[in-house]
Amino acid sequence: MRCRTCGCAGAHHTGLAEPTGAGYVWFEERFPGLAEAYCFTLVHSVPPSEVLHRLQGREGPPRTGAEQIVEAAFDLLESDDTRQLIAMASIGDWTLLIEPNGYLGVTEEKALPASAGTSWISHFVNINGVDSFLWADDTTNRLAFEPGFPDSRWGTSPDEPLKAMHDIGFQSWEETSDTAEDLSAPAAFALAEHLSGVRITPELLQETTFTCGSAKIR
């Protein structure tokens, strides 16, 4: 169920504890290969096959667990550097997309058309520390920002989840310090959970058999 106040389907509607960045520090610790560079996307009420179609992708063999999808992504990169592996799984009413070393989910030219009639929540980090977060609804950018610099936001509703962002652990310029731990990447996972109600867990990443495909990146 979508919240009429904030538009989200987050933890305060599911009975789960509110997500925080600190609650996702396990990701880098347990999945270092994937954590180096990734894009996670959640798409509401659109099955994996349709999401792949919207991204003009083609099907590939399934893979089980994060290690296999990372290996498959780099194998594809070596054989065809114009395509990106996309691993997908249905989680309740949402489809999860994982792109190891990818960024299609936050690329507005791809993501906004693909979000027609649905909600699209995506976050990305690359090996150089560049990051991005995108929340789109029905082809409209509601919120986009760099998790490392949350004070600079754009879209039609850039301030709507501001309190949740603060509670999750995003740090404004006034709150940053040289000694504070950077939780911007895990905070992006927590914000995606707040907006969708979907909690990413180590078990999900380790045990899920993902439907896989690939899409052109150029």
Side-chain angles (χ1 to χ4, degrees), residues 1-3 5-44 65-67 69-70 87-100 105-106 119-126 129-135 142-151 153 159-177 179-208 210:
M1 181 175 66
R2 311 296 291 176
C3 174
T5 302
C6 65
C8 81
H12 57 294
H13 304 298
T14 63
L16 296 172
E18 285 290 345
T20 65
Y24 278 96
V25 294
W26 56 263
F27 176 64
E28 185 173 359
E29 295 168 355
R30 296 190 58 172
F31 301 94
L34 179 57
E36 280 190 350
Y38 59 84
C39 185
F40 275 65
T41 304
L42 289 160
V43 185
H44 190 240
E67 188 174 336
I69 65 173
V70 170
M88 299 165 288
S90 295
I91 306 175
D93 292 336
W94 294 79
T95 291
L96 168 68
L97 285 70
I98 303 177
E99 303 171 60
V106 295
S119 292
W120 182 285
I121 302 161
S122 187
H123 56 103
F124 145 89
V125 170
N126 74 9
V130 176
D131 57 8
S132 184
F133 191 101
L134 174 65
W135 175 24
R142 293 189 66 177
L143 169 67
F145 68 102
E146 297 176 28
F149 302 96
D151 287 329
R153 301 176 304 280
D159 294 336
E160 199 165 285
L162 195 55
K163 182 182 184 304
M165 290 174 64
H166 183 271
D167 293 343
I168 281 166
F170 286 102
Q171 291 188 326
S172 66
W173 281 113
E174 293 80 7
E175 297 168 323
T176 56
S177 73
T179 58
E181 182 181 4
D182 179 13
L183 293 179
S184 56
F189 277 97
L191 181 58
E193 180 185 340
H194 171 80
L195 294 172
S196 67
V198 175
R199 178 161 293 176
I200 305 300
T201 66
E203 294 74 22
L204 185 153
L205 296 182
Q206 190 165 344
E207 299 171 6
T208 298
F210 294 92

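Considering only residues two or more places apart in sequence or on other chains, Asn126 meets the side-chain contact (heavy atoms from CB on, under 4.5 Å) condition with Phe124, Asn128, Val130. Every residue was checked against the side-chain hydrogen bond (donor to acceptor under 3.5 Å, both in side chains) condition with Ser132, not counting sequence neighbours, and none meets it. Residues passing the side-chain contact (heavy atoms from CB on, under 4.5 Å) test with Ser184, sequence neighbours excluded: Asp131, Pro147, Asp182. Residues passing the side-chain contact (heavy atoms from CB on, under 4.5 Å) test with Glu67, sequence neighbours excluded: none.
With a 4.5 Å cut-off on side-chain heavy atoms, Arg153 and Asp159 count as touching. Within the 4.5 Å cutoff, the side chain of Trp135 has no heavy atoms near those of the Leu191 side chain. Counting only heavy atoms from C-beta outward, the side chains of Glu193 and Val198 never approach each other to under 4.5 Å. Leu183 places none of its side-chain heavy atoms less than 4.5 Å from the side chain of Thr20. Residues Trp94 and Leu96 have side chains not in contact (no heavy-atom distance under 4.5 Å, counting atoms from C-beta outward).
Of all heavy-atom pairs between Gly105 and Leu134, the closest is O-CD2, 3.8 Å. In this structure, Ala187 and Ile168 approach most closely via the heavy-atom pair O-CG2, 3.6 Å. Closest heavy-atom contact between Gly21 and Pro186: O-CB, 3.1 Å. Scanning both residues, Gln171 and Pro150, for their nearest heavy atoms gives O-CG, 3.1 Å. Heavy-atom minimum distance, Leu204 versus Phe210: O-CZ, 4.1 Å. Counting all heavy atoms, side chain and backbone alike, Ala164 lies closest to His194 at CB-NE2, 3.5 Å.
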For residues 29-42, which side-chain donor-acceptor pairs fall under 3.5 Å, sequence neighbours excluded?
residue, atom, partner, partner atom, Å
Thr41, OG1, Ser122, OG, 2.8

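The ring-ring contact (aromatic ring centres under 6.0 Å, His included) test with Phe189 is passed by exactly one of Trp26, Phe170, Phe27, Phe133: Phe27.
Side-chain N or O atoms of Tyr24 include none that pairs as donor or acceptor with a backbone N or O of Ala185 at under 3.5 Å.
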